[in-house]
Number of protein chains: 2
Amino acid sequence: MPAARTSKPGRLPAAARRAQLVEIGRRLFAERGYEATSVEEIAERAKVSKPIVYEHFGGKEGLYAVVVDREIEHIAASIEAAVSSGSPRERLEGAALAFLTYVEERPDGFAVLLRDAPPTKRGGEMPALMYDLADRVGGIFSELFRTAGYDEKAAPIYAHALVGMVAFVGQWWTEARKPPPAEVVASHIAALAWMGLRHLPKKPSPLVKTRRRAPA
Amino acid sequence: MPAARTSKPGRLPAAARRAQLVEIGRRLFAERGYEATSVEEIAERAKVSKPIVYEHFGGKEGLYAVVVDREIEHIAASIEAAVSSGSPRERLEGAALAFLTYVEERPDGFAVLLRDAPPTKRGGEMPALMYDLADRVGGIFSELFRTAGYDEKAAPIYAHALVGMVAFVGQWWTEARKPPPAEVVASHIAALAWMGLRHLPKKPSPLVKTRRRAPA
DNA sequence: CCATTGCGTAACCTACGGTAGCGTAATATC
DNA sequence: GATATTACGCTACCGTAGGTTACGCAATGG
């Protein structure tokens with residue numbers, strides 16, 4: 001079922017080889033993570049020697065960057081298309097469905113996006129990939145919140161909540177033994193989010209219980 | 001502010017050394033991930049040589065296991081305490097607050113729990129650490145759903161949605177430039193979840209838009 | 001027949017997990 | 001107080017894996 005490219009498995013045109021390596025890289029990065037994936041194995045699975053990978057991507061990081069970039073583009077395009085029109089409610093459910101559809105179609109890509117940070121070893125922390133997405137959603141949410149008369153500063157909270165919701169459910173969904181169809185899951189999520197947002201108090205007051213402090 | 005154990009920084013009693021190594025390991029695993037963290041650096045930061053780590057934990061995996069186990073215990077205890085009593089609504093908000101409090105108090109531990117899987121290299125995928133939590137929540141939810149007359153099979157969806165929500169918001173919260181107090185964030189999350197759950201239709205019907213298919 | 005493209009061989013070198021064996025400080029025992 | 005015993009720790013090393021590179025060969029197209 002994997003692509004039987006051409007008649008000759010031996011030599012491939014550069015573009016095809018590139019595509020193949022990206023695909024293999026995506027799969028391996030997904031199941032092993034960046035650090036635990038070796039260029040050797042990537043090359044081996046492509047029936048190719050290591051230097052090929054370097055020729056095409058300049059190294060492990062380069063390949064990883066390409067993989068991540070493609071996935072980001074893919075999911076961003078899907079979701080942006082889904083939220084581009086319709087009522088707010090439709091946009092919400094559309095976004096959830098687009099997300100889940102992406103998860104369904106590209107489970108490996110999704111896993112890569114969920115996994116830990118790229119090899120950038122700067123001092124600070126770098127936001128996970130899903131983070132960017134949440135920020136984009138945050139932008140949309142700020143607008144919606146403003147027009148609806150809610151506290152705009154709370155928008156990022158809900159944006160990250162929603163993205164996290166979908167992301168986690170998506171992860172569970174890919175590994176569930178008896179996964180319901182995407183539409184059902186999306187409708188549940190959207191219902192939860194929508195109803196939650198609709199009936200949101202303007203200013204939720206904490207009903208503070210005892211706040212646990214660290215026991216030594 | 002870190003513990004000034006005894007007068008002599010040179011030699012430490014076994015228990016103290018152990019604790020120190022766990023702490024250092026937690027921090028490093030948090031910021032670098034498992035694979036990218038070297039025993040050498042752990043030892044170096046503890047002003048100790050590598051064999052010490054091996055002596056106390058049997059190796060890298062051993063230390064990692066201890067770190068993870070402690071965090072799991074910590075967060076599980078906090079949350080279970082929070083949901084042990086009170087009205088459902090209080091339990092929900094209490095759980096969110098407990099989670100965020102944990103995140104606040106032990107950001108490194110939280111980062112470790114969020115990061116990718118342990119070094120177990122069995123064929124299949126292993127559930128992330130947050131996954132267990134979601135499953136526990138799923139158990140509670142199944143019960144609640146049954147008593148409330150909702151579809152029990154949808155419980156895991158909402159369980160993972162809730163955990164993902166809190167986890168993602170928690171992550172954002174630790175890195176936010178101007179983070180609101182935990183109580184406020186928790187109340188927002190709890191409000192979203194609670195209102196969403198309360199006004200949930202018994203059987204949400206998907207208002208299916210065009211479902212995006214992969215464009216080749 | 002020659003150039004360009006695609007690729008393999010064979011290393012290099014660093015880093016890291018793990019281990020063996022040897023001190024040295026503190027405590028116990030006589 | 002001297003000596004044995006234990007607890008704690010270090011230096012030095014091994015094996016290997018993995019990223020990266022230098023160089024040379026085979027196929028393809030004009």
Side-chain angles (χ1 to χ4, degrees), chain A residues 3 5-29 31-68 116-121, chain B residues 3 5-29 31-68 116-121:
Chain A
R5 296 280 172 193
T6 67
S7 52
K8 292 193 178 183
R11 288 168 86 85
L12 285 180
R17 185 65 75 193
R18 240 182 106 87
Q20 182 205 21
L21 288 175
V22 168
E23 195 170 333
I24 293 174
R26 187 179 56 225
R27 177 151 47 229
L28 281 177
F29 286 136
E31 63 186 36
R32 302 227 204 301
Y34 177 81
E35 302 279 354
T37 300
S38 71
V39 186
E40 226 156 342
E41 187 166 5
I42 294 172
E44 182 185 338
R45 293 216 185 177
K47 298 270 180 61
V48 154
S49 63
K50 283 193 283 179
I52 305 301
V53 179
Y54 284 85
E55 250 178 59
H56 283 290
F57 304 98
K60 196 178 171 184
E61 283 196 31
L63 176 57
Y64 184 81
V66 170
V67 168
V68 166
D116 68 348
T120 48
K121 28 186 77 92
Chain B
R5 299 282 172 190
T6 68
S7 52
K8 291 192 178 182
R11 288 168 88 84
L12 256 55
R17 184 67 72 190
R18 240 182 107 88
Q20 182 205 21
L21 288 175
V22 168
E23 195 170 335
I24 292 174
R26 188 179 54 224
R27 175 152 44 226
L28 280 176
F29 286 136
E31 64 185 37
R32 303 229 204 299
Y34 177 81
E35 302 278 356
T37 301
S38 72
V39 189
E40 230 155 336
E41 185 166 5
I42 294 171
E44 183 185 337
R45 292 217 186 176
K47 298 271 180 61
V48 155
S49 63
K50 279 195 289 179
I52 303 302
V53 178
Y54 195 86
E55 206 178 297
H56 281 292
F57 303 98
K60 196 177 169 183
E61 283 196 30
L63 176 57
Y64 185 80
V66 170
V67 168
V68 167
D116 68 349
T120 48
K121 30 186 76 89

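Below, all heavy atoms of this structure are taken into account, side chains as well, without hydrogens, waters or symmetry copies. Order of the sequence lines sets the chain letters (A, B, ...), proteins ahead of strands, with each chain counted from 1.
- The distance from atom CD of B:E40 to atom C1' of C:dG18 is 11 Å, rounded to the nearest whole Å.
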Please enumerate all protein N or O atoms sitting under 3.5 Å from an N or O of nucleotides 8-10 of chain C, with distances to 0.1 Å.
| residue | atom | partner | partner atom | Å |
| --- | --- | --- | --- | --- |
| C:dG8 | OP2 | A:S49 | N | 2.6 |
| C:dG8 | OP2 | A:S49 | OG | 2.9 |

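- Remark: A:E55 engages no residue in a salt bridge (Lys or Arg N to Asp or Glu O under 4.0 Å) (not counting sequence neighbours).
- In this structure, A:L63 places its CG atom 11 Å from P of D:dG19, rounding to the nearest Å.
- Here the P atom of nucleotide D:dG18 and the CD1 atom of A:I42 are 11 Å apart, to the nearest Å.
- Between B:F29 and B:Y34, the two ring planes are parallel [angle under 30°; tilted spans 30° to 60°].
- A salt bridge does not link B:E31 with B:R27: none of the charged nitrogens is closer than 4.0 Å to a carboxylate oxygen.
- The OH-P distance, from A:Y64 to D:dG18, rounds to 18 Å in whole Å.
- Look at CD on B:E44: it is 16 Å from C1' on C:dG17, rounded to the nearest Å.
- Atom NZ of B:K60 is separated from atom NZ of B:K50 by 11.5 Å, given to the nearest 0.5 angstrom.
- Between the CD atom of B:E41 and the C1' atom of C:dC16 there is a distance of 12 Å, given to the nearest Å.
- Residues satisfying the salt bridge (Lys or Arg N to Asp or Glu O under 4.0 Å) criterion with A:R26, sequence neighbours excluded, are A:E71.
- Taking atom OH of residue A:Y54 and atom P of nucleotide D:dT20, one finds them 3 Å apart after rounding to whole Å.
- At D:dG9, one or more side-chain N or O atoms of B:R17 fall inside 4.0 Å of OP1 or OP2 (strictly under the cut-off).
- Under the side chain to side chain contact (heavy atoms under 4.5 Å, CB included) criterion, A:V22 pairs with A:F57, A:L63, A:V66, A:V67, A:R70, not counting sequence neighbours.
- A donor-acceptor contact under 3.5 Å is not formed by the side chain of A:R11 with the base of C:dC7.
- Remark on DNA chain D: of its neighbouring residues B:H56 and A:S38, the 5'-side contact belongs to B:H56, judged by nearest-heavy-atom nucleotide.
- Nearer the 5' end of DNA chain D, as judged by each residue's closest nucleotide, is the contact made by B:A14, out of A:A36 and B:A14.
- Scanning for side chain to side chain contact (heavy atoms under 4.5 Å, CB included) contacts around A:E44 gives an empty result, with sequence neighbours left out.
- Here the P atom of nucleotide D:dC8 and the CZ atom of B:F57 are 13 Å apart, to the nearest Å.
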